Enquirer: 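Starting off with a structure, shown below.
In each ligand, atom 1 is the first atom listed, and ligand 1 is the first ligand listed. Atom set for the values below is all heavy atoms of this structure, side chains included, hydrogens, waters and symmetry mates excluded. The shown structure was predicted, so the numbers you read here are calculated from the model rather than taken from an experiment. The chain is numbered in sequence order, starting from 1.
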Amino acid sequence: MEDSAALTPGVGPRYRSVDSCDVEIPRPFCLVVFGVTGDLAKRKLLPSLYRLARSGLLPEHYFVIGVGRGDLGKPAFRGAVRDAVQGALEDEFDFRTWSDFSHRLYYVRADDTGSDSFRPLKRRIGDLEKRHGTTGNRIFYLAVPPDAYEAVASRLGAAGLSRPEGGYSHIVIEKPIGRDLESARRLNMVLRASFEEDQIYRMDHYLAKETVQNILMFRFANSIFEPLWNRRYIDHVQITVSETRGIGHRAGYYDGAGVIRDMFQNHLFQLLALTAMEPPVAFESENVRDEKVKVFRSIRPFPPPAADDVVALGQYGSGTVNGESVAAYRDEPGIPENSATATFGAMKVYIDNWRWNGVPFYLRSGKRLASRKAEISVHFRPVPHLMFAHTLEGRIEPNTLIMKVQPEEAISLVFQAKTQGTRVCLGTETMDFSYRKQSVLGDYERILLDCMQGDQMLFVREDGVEQSWSLLSPLLEMLEASAAPDRFPNYESGSAGPAAADLLIQRDGRAWRPL
Ligand code: BG6
C-alpha cells in the first residue's frame with residue numbers, strides 16, 4: 001500500500017492506489033465463511049481479509065460470519081480469529097485495525113442435518129445486515145472439505161440464500177472441483193440447481209499470481225512476441241511447477257488425489273491455457289474464459305494404450321531437501337505403506353489447432369524436488385541456417401523466453417551474443433525483467449476482492465472444469481487400473497524427479513530445463 005494513497009472523495013466507486021494501480025473499494029458486503037475453524041480459513045482466508053482491512057481496501061460497512069459445527073461464543077470466536085491472524089501475519093498485526101475488524105466478526109453454529117438447517121443463519125444475516133448497514137451483498141465461502149460442497153450449496157438454496165436480495169449472492173469454492181468428470185458434473189449440477197453460473201466462483205489461486213496474470217498482458221500488449229507465438233517459430237513449451245515441500249498434514253486428501261488431480265487438472269492446465277490461447281476479443285471475464293475453454297477443447301486426447309509415451313509418474317523416496325533429511329512419501333503420517341499415489345507427474349500435451357499443430361507442451365510438477373519453482377519456458381526453433389558452423393564448435397542454443405511465476409516474479413529472454421575479444425565467439429546472454437518488489441496483494445486478497453467486485457476472470461467456468469476433466473479422467477482411470485506399488489518410490493527427495501520423466505522428453509531429442 002502506498003502511503004500517499006488517497007480515497008477519491010464523493011459518491012460513486014471509490015479507489016485506493018495499490019502497486020501503482022487504482023483498486024476499486026468494494027461495495028458493502030457480508031462474508032459468510034463455512035468451515036471457519038478449519039485450516040484454510042485460519043491460514044489463508046481470515047489473514048487475507050484482515051490484510052485487506054489493514055490496507056484500507058474494505059468498505060466502511062461489512063461484517064463476517066463464521067459458520068461451524070461446534071459451540072463457540074463470540075469472545076472465543078474472536079480470540080480464535082485473532083490467533084489465526086497473528087499466527088499468519090506476525091509483524092503485520094496492529095491493534096487499531098484489529099479492534100475495528102474484530103467488532104465485525106460473528107459466529108453461527110449450523111447444524112448440517114436437514115435441508116432447512118440454514119434458516120437460522122438466514123435470520124442472523126438479515127439482522128446483522130440491518131445493524132451494519134450493508135445492502136444485501138453476500139458471499140458464501142465454502143472453506144469446508146470438498147465432500148461437503150454439495151450439502152452446503154443445496155442448503156443455501158433451500159434457505160433462499162442463493163437468491164439475491166437487494167444485492168449479489170456469490171458462492172466461492174476451491175479446488176478440487178470433483179475427482180473425475182462424473183463427480184465434477186454432479187457438483188456443477190448441484191451448484192446450478194441453486195445458483196446461476198455468474199454467482200459461482202470456482203477459484204484457482206494460481207490465476208491470482210502476479211506473473212500468471214502478466215502472461216496475457218505480455219502476450220497481447222506487445223507486438224513483438226505474438227507474431228512468433230506459433231508453430232513456425234516455437235519448437236516446444238515447458239511448464240514446470242516444482243515444490244520442495246512434501247504433503248504436510250494432508251495425507252487423507254492427498255493419497256486419494258495424487259499429483260494429476262492436485263496440480264494438473266487445475267493449476268498446470270490453467271497455465272497451459274493462458275500460454276496457448278488465442279487473443280480474446282476484449283480483456284473481460286467471459287471472453288478470456290471462452291478462449292481458455294477453446295484450448296482445452298483442442299487438446300489431443302491421450303492415447304489409451306500408449307500412456308508411457310505421454311505421461312511419467314513418480315513418488316518420492318527419502319532424501320535431503322534444503323539440507324534437511326526428509327522421509328519417503330510412504331513414511332509420511334497417514335500414508336499406507338504400499339501407496340501407489342503419484343507425487344510427481346510429467347506429461348506431453350499436443351494442442352491440435354492451427355497455431356500449435358505439432359508443438360509439444362511438456363508439463364511437470366512434483367513434491368519434494370530439488371527446488372521450488374513455477375515457470376513457463378517457451379523454446380524457440382533454432383536458426384534456419386548456421387552460417388557460423390565452420391568457425392564455431394558446438395551447437396548454438398536456441399532462444400528461450402522464460403516466464404517465472406515463483407519464487408522470482410520475472411521474465412527472461414535467453415539469446416546469443418558475440419562475446420568480447422575473440423573474433424568469432426558466441427555466448428549465451430539473458431535479458432531480464434523482474435518485479436523488483438513483492439506484490440502488495442496476495443493471491444487470496446486478490447481473489448476476495450474480485451469476488452466482492454463481481455469479476456469472474458480469475459475463476460474457472462463450469463465448461464472449463466468439465467473440459468479439463470474429460471481429458472484427464474480417462475487417463476487417470478487407465479493409470480490407476482495399471483498402478484503397481486512396486487514401481488514406487490522412484491525418485492529421491494531433493495532430486496529432479498524420476499528418470500522416466502527425463503526419458504519422456506529425451507525421446508523427442510529435448511531436455512528439461514534444470515530445476
Ligand atoms: C495447492 C495444492 O492447490 O497448491 C498443493 O493442493 C500445492 O498440493 C499448492 O502445494 C501449491 O501452491 P503454491 O501457491 O504454494 O505454489
Enquirer: How are the rings of Tyr50 and Phe93 set to each other: parallel, tilted or perpendicular (split at 30° and 60°)?
Expert: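 Rings of Tyr50 and Phe93: parallel, as their planes differ by under 30°.
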Enquirer: Side chains of Gln406 and Arg372: does their closest heavy-atom pair fall under 4.5 Å?
Expert: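 Yes - at least one pair of side-chain heavy atoms lies under 4.5 Å apart.
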Enquirer: Would you mind checking if Arg192 and Glu462 are paired as a salt bridge, meaning a charged N to carboxylate O distance below 4.0 Å?
Expert: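 Looking at Arg192 together with Glu462, the answer is yes, because their closest N to O distance falls below 4.0 Å.
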Enquirer: Taking any residue with a non-hydrogen atom under 4.0 angstrom from an atom of ligand 1, which ones do you get?
Expert: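 Within 4.0 Å of ligand 1, protein side: Lys175, His205, Tyr206, Lys209, Glu243, Arg245, Arg250, Asp262, Met263, His267, Lys367, Gln406.
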Enquirer: Run the side-chain donor-acceptor check on residues 325-336: report pairs under 3.5 Å with partners two or more places apart or on a different chain.
Expert:
{"from": "Tyr329", "atom 1": "OH", "to": "Asp255", "atom 2": "OD1", "distance (Å)": "2.5"}
{"from": "Arg330", "atom 1": "NE", "to": "Gln315", "atom 2": "OE1", "distance (Å)": "3.0"}
{"from": "Arg330", "atom 1": "NE", "to": "Ser339", "atom 2": "O", "distance (Å)": "3.1"}
{"from": "Arg330", "atom 1": "NH1", "to": "Phe488", "atom 2": "O", "distance (Å)": "3.2"}
{"from": "Arg330", "atom 1": "NH2", "to": "Ser339", "atom 2": "O", "distance (Å)": "3.0"}
{"from": "Arg330", "atom 1": "NH2", "to": "Pro485", "atom 2": "O", "distance (Å)": "2.6"}
{"from": "Arg330", "atom 1": "NH2", "to": "Phe488", "atom 2": "O", "distance (Å)": "3.3"}
{"from": "Glu332", "atom 1": "OE2", "to": "Tyr316", "atom 2": "OH", "distance (Å)": "2.6"}

Enquirer: If the test is side-chain contact (heavy atoms from CB on, under 4.5 Å), which one of Ile411, Val237, Ile376 qualifies with Leu401?
Expert: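 Exactly one candidate clears the test, Ile411.
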Enquirer: Just by distance, with hydrogens left out, do Arg202 and Asn188 show a side-chain donor and acceptor under 3.5 Å apart?
Expert: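 Result is yes, a qualifying pair exists.
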